[in-house]
Amino acid sequence: MHYSIPGLALLAGLTAAVDPVEVRGQDFVNSVSGDRFVVIGVDYQPGGQGAISADNDKDVLSDPEACTRDAALMQSLGVNTIRSYNVDPTLNHDECMSIFNGVGIYVILDVNTPVYGQHIDRSNPAGTYTRGYMEHVFTVIEAFKGYPNLLGFFGGNEIINDLETADENPPYMRAVQRDMKDYIAAHADRPIPVGYSAADVREFTEDTFNYLACDNGDSSASDFFGLNSYSWCGSESSFQTAEYDVLVEMFSNASIPVFFSEYGCNDPSPRVFDEVEALYSPQMTVMSGGLVYEWSQEDNNYGLVDISTDGSLRLRADYDSLQKQYSRINVTLLEASNDTATGIPAPRCSSNLIQADDFSDEFDIPSRPSGVDALISSGLSSAPTGALVSVTATAVALPVYDTNSASMSDLAITVTSEANHPVGTASRTSSGSGSATASGAATTETGGAHRLSGAVALALGAAAFAAL
């Protein structure tokens with residue numbers, strides 16, 4: 001069934017849609033233009049794991065007022081992708097997904113939640129890989145498959161996080177990916193990539209990638225690989241000390257896109273995000289960008305913004321620092337053809353790909369639980385399926401304050417039909433692009449995101465990174 005909102009005058013019809021992103025070899029690309037797509041993003045889960053439970057009536061992508069507030073700020077920041085970890089697929093996500101689509105922001109979704117029966121337990125993968133679990137996963141796919149700004153799904157997050165879990169868990173990750181990809185192939189009207197978000201434990205990071213990305217003669221391989229990496233820490237860190245050079249070498253022959261699914265060490269604090277310069281430089285074109293952890297301030301002290309229980313928001317110094325770093329990204333360079341991509345196909349799965357003694361080198365993927373084949377064949381007839389709706393309410397209704405506690409009362413989104421990008425990049429020629437604006441913020445570049453009220457706009461054509 002399709003979601004419906006009787007009597008709602010705010011949204012109607014269809015909104016302009018961004019072009020879906022697809023995987024071509026080592027890169028994400030715009031499926032229409034063929035331009036390379038590099039993730040410039042943020043992890044988005046206000047409230048953390050506690051924001052979703054079996055009795056919640058909303059999730060992070062079902063609150064239109066909050067989504068409008070955050071989308072406006074992300075549009076100004078220059079974000080083109082968010083990752084949300086926990087969603088309830090039975091809720092209505094049309095408005096929020098349309099709002100993020102409207103500002104040119106793509107979404108990567110984890111299909112798991114902390115709720116019992118809705119995730120693979122890393123300590124008991126065999127006991128939690130069940131028909132009920134896969135039905136939940138397929139319901140998430142049904143709920144979000146209709147949105148063109150859905151970039152992809154994560155089938156797991158750090159299910160392999162030490163050598164003890166590296167023995168039994170890898171085959172189950174491939175089994176979940178297989179089932180998801182087979183369901184998408186049967187019931188979605190376009191390819192939707194499926195991948196895995198890995199812990200960056202250098203003892204077996206490469207093994208995790210090799211295990212999940214190799215060709216096993218079936219549909220179980222990852223379409224992309226996310227890495228939760230916090231190696232760039234401290235004021236003296238660098239490309240070498242953070243071992244980014246090691247990652248470049250590790251993934252130089254990758255057959256699928258690799259990106260940071262989390263990054264942004266909070267030492268020093270406030271953060272300065274010096275690693276952004278390296279990540280988006282020619283040194284790291286082997287990587288497809290990354291997602292800064294995380295949007296809202298939680299107990300672990302990684303937030304770009306503070307969100308109060310009444311919905312009001314205040315920017316943190318980290319937001320300003322990240323915007324300054326983003327403003328120096330040469331988007332024109334990123335969208336160009338990736339000259340470092342080797343085009344080498346995935347190797348055939350073999351025990352020779354695995355180096356750590358305790359990491360699984362068996363590629364006999366578990367059979368589907370009873371009843372899952374039927375779910376894939378027939379589909380979930382009763383699952384709600386979302387679709388874009390028109391975004392006409394563009395003003396931010398919730399109170400927002402800058403880092404100096406000045407009110408940003410005129411904050412709004414501007415609807416566009418192409419991917420968002422940071423300020424300070426080469427001017428775009430296409431019309432219809434827009435950005436978040438606020439009183440005192442001048443529109444200085446077509447297609448660019450612009451600085452908010454209370455701060456001086458960063459100059460157009462800001463120098464690319466020193467390495468460019």
Side-chain angles (χ1 to χ4, degrees), residues 18 35-42 68-82 100 102-106 264 270-281 289-292 295 304-305 313 315-336 394 396 400 402-404 406 408 410-468:
V18 296
D35 291 338
R36 184 171 182 243
F37 181 87
V38 176
V39 173
I40 305 171
V42 62
T68 302
R69 175 199 65 202
D70 296 340
L73 292 169
M74 291 179 191
Q75 191 172 33
S76 181
L77 183 60
V79 163
N80 67 16
T81 308
I82 59 173
F100 283 112
V103 298
I105 292 177
Y106 292 82
R271 294 179 283 180
V272 293
F273 294 108
D274 286 340
E275 66 268 47
V276 169
E277 178 175 356
L279 179 58
Y280 296 99
S281 76
L291 297 149
V292 168
W295 179 245
L304 300 177
V305 303
L313 180 150
L315 302 182
R316 297 173 61 84
D318 298 55
Y319 177 99
D320 287 344
S321 295
L322 183 59
Q323 187 176 55
K324 181 178 180 181
Q325 293 289 354
Y326 275 174
S327 74
R328 303 174 65 201
I329 295 175
N330 187 328
V331 174
T332 302
L333 174 73
L334 295 184
E335 290 182 345
T394 58
V396 173
V400 177
D402 67 16
T403 52
N404 296 316
M408 297 162 63
D410 295 331
L411 186 64
I413 63 172
T414 300
V415 176
T416 179
S417 60
E418 62 179 33
N420 193 43
H421 62 90
V423 70
T425 59
S427 179
R428 300 290 182 93
T429 58
S430 60
S431 61
S433 298
S435 67
T437 58
S439 59
T443 301
T444 57
E445 179 193 11
T446 299
H450 310 293
R451 194 65 173 99
L452 299 173
S453 167
V456 178
L458 292 165
L460 283 176
F465 293 133
L468 300 180

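Here the structure is a predicted model, which means the values were calculated and not measured. Counting begins at 1 with the first residue of the sequence. The basis for the numbers below is simple: all heavy atoms, side chains too, and nothing from hydrogens, waters or symmetry mates.
- Checking Thr403, Val42, Leu315 one by one against Val305, the side chain to side chain contact (heavy atoms under 4.5 Å, CB included) holds for a single residue, Leu315.
- Counting only distance, with no hydrogens or angles, the side chain of Gln325 and the backbone of Val272 share a donor-acceptor pair below 3.5 Å.
- With contacts defined as side-chain heavy-atom distances shorter than 4.5 Å, the pair Asp70/Leu313 qualifies.
- Using a distance-only test at 3.5 Å, with no hydrogens or angles considered, no donor-acceptor pair links the side chain of Thr81 to the main chain of Gly41.
- Looking at Asp318 and Phe273, their side chains come closer than 4.5 Å, going by heavy atoms from C-beta outward.
- Of all heavy-atom pairs between Pro422 and Ile329, the closest is CG-CD1, 4.4 Å.
- The distance from the CZ atom of Phe100 to the CG atom of Asn420 is 11.5 Å, given to the nearest 0.5 Å.
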Practice task
Take Asn80 and Phe37 through the side chain to side chain contact (heavy atoms under 4.5 Å, CB included) test and state the conclusion after the steps.
Solution key: CA-CA 9 Å; Asn80 67 16; Phe37 181 87; 3.6 Å; yes
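- Using a 4.5 Å cut-off on side-chain heavy atoms (C-beta onward), Leu77 and Leu304 make contact.
- Side chains of Gln323 and Ser76 form a contact here, defined as non-hydrogen atoms less than 4.5 Å apart.
- Inter-residue side-chain proximity for Val79 and Tyr326 is flagged as met; some heavy-atom pair is nearer than 4.5 Å.
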Exercise for the section: Kindly determine whether Tyr319 and Leu73 satisfy side chain to side chain contact (heavy atoms under 4.5 Å, CB included), including the steps that lead there. Expected result: CA-CA 10 Å; Tyr319 177 99; Leu73 292 169; 4.1 Å; yes
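- Asn404 contributes no side-chain N or O that, together with a main-chain N or O of Ala406, makes up a donor-acceptor pair within less than 3.5 Å.
- Closest approach of Tyr280 and Gly289 over heavy atoms only: CE2-CA, 3.7 Å.
- Among all heavy-atom pairs drawn from Val396 and Ala72, the shortest one is CG2-CB, 3.7 Å.
- In this structure, CG on Asp35 lies 11.5 Å from CG on Leu334, to the nearest 0.5 angstrom.
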Exercise for the section: Report the C-alpha separation of Met74 and Val103 in whole Å, then their side-chain angles, then the decisive distance to 0.1 Å, and conclude whether the side chain to side chain contact (heavy atoms under 4.5 Å, CB included) test is met. Expected result: CA-CA 9 Å; Met74 291 179 191; Val103 298; over 6 Å; no
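- Under the 4.5 Å side-chain criterion, counting only non-hydrogen atoms from C-beta, Ile40 is not in contact with His421.
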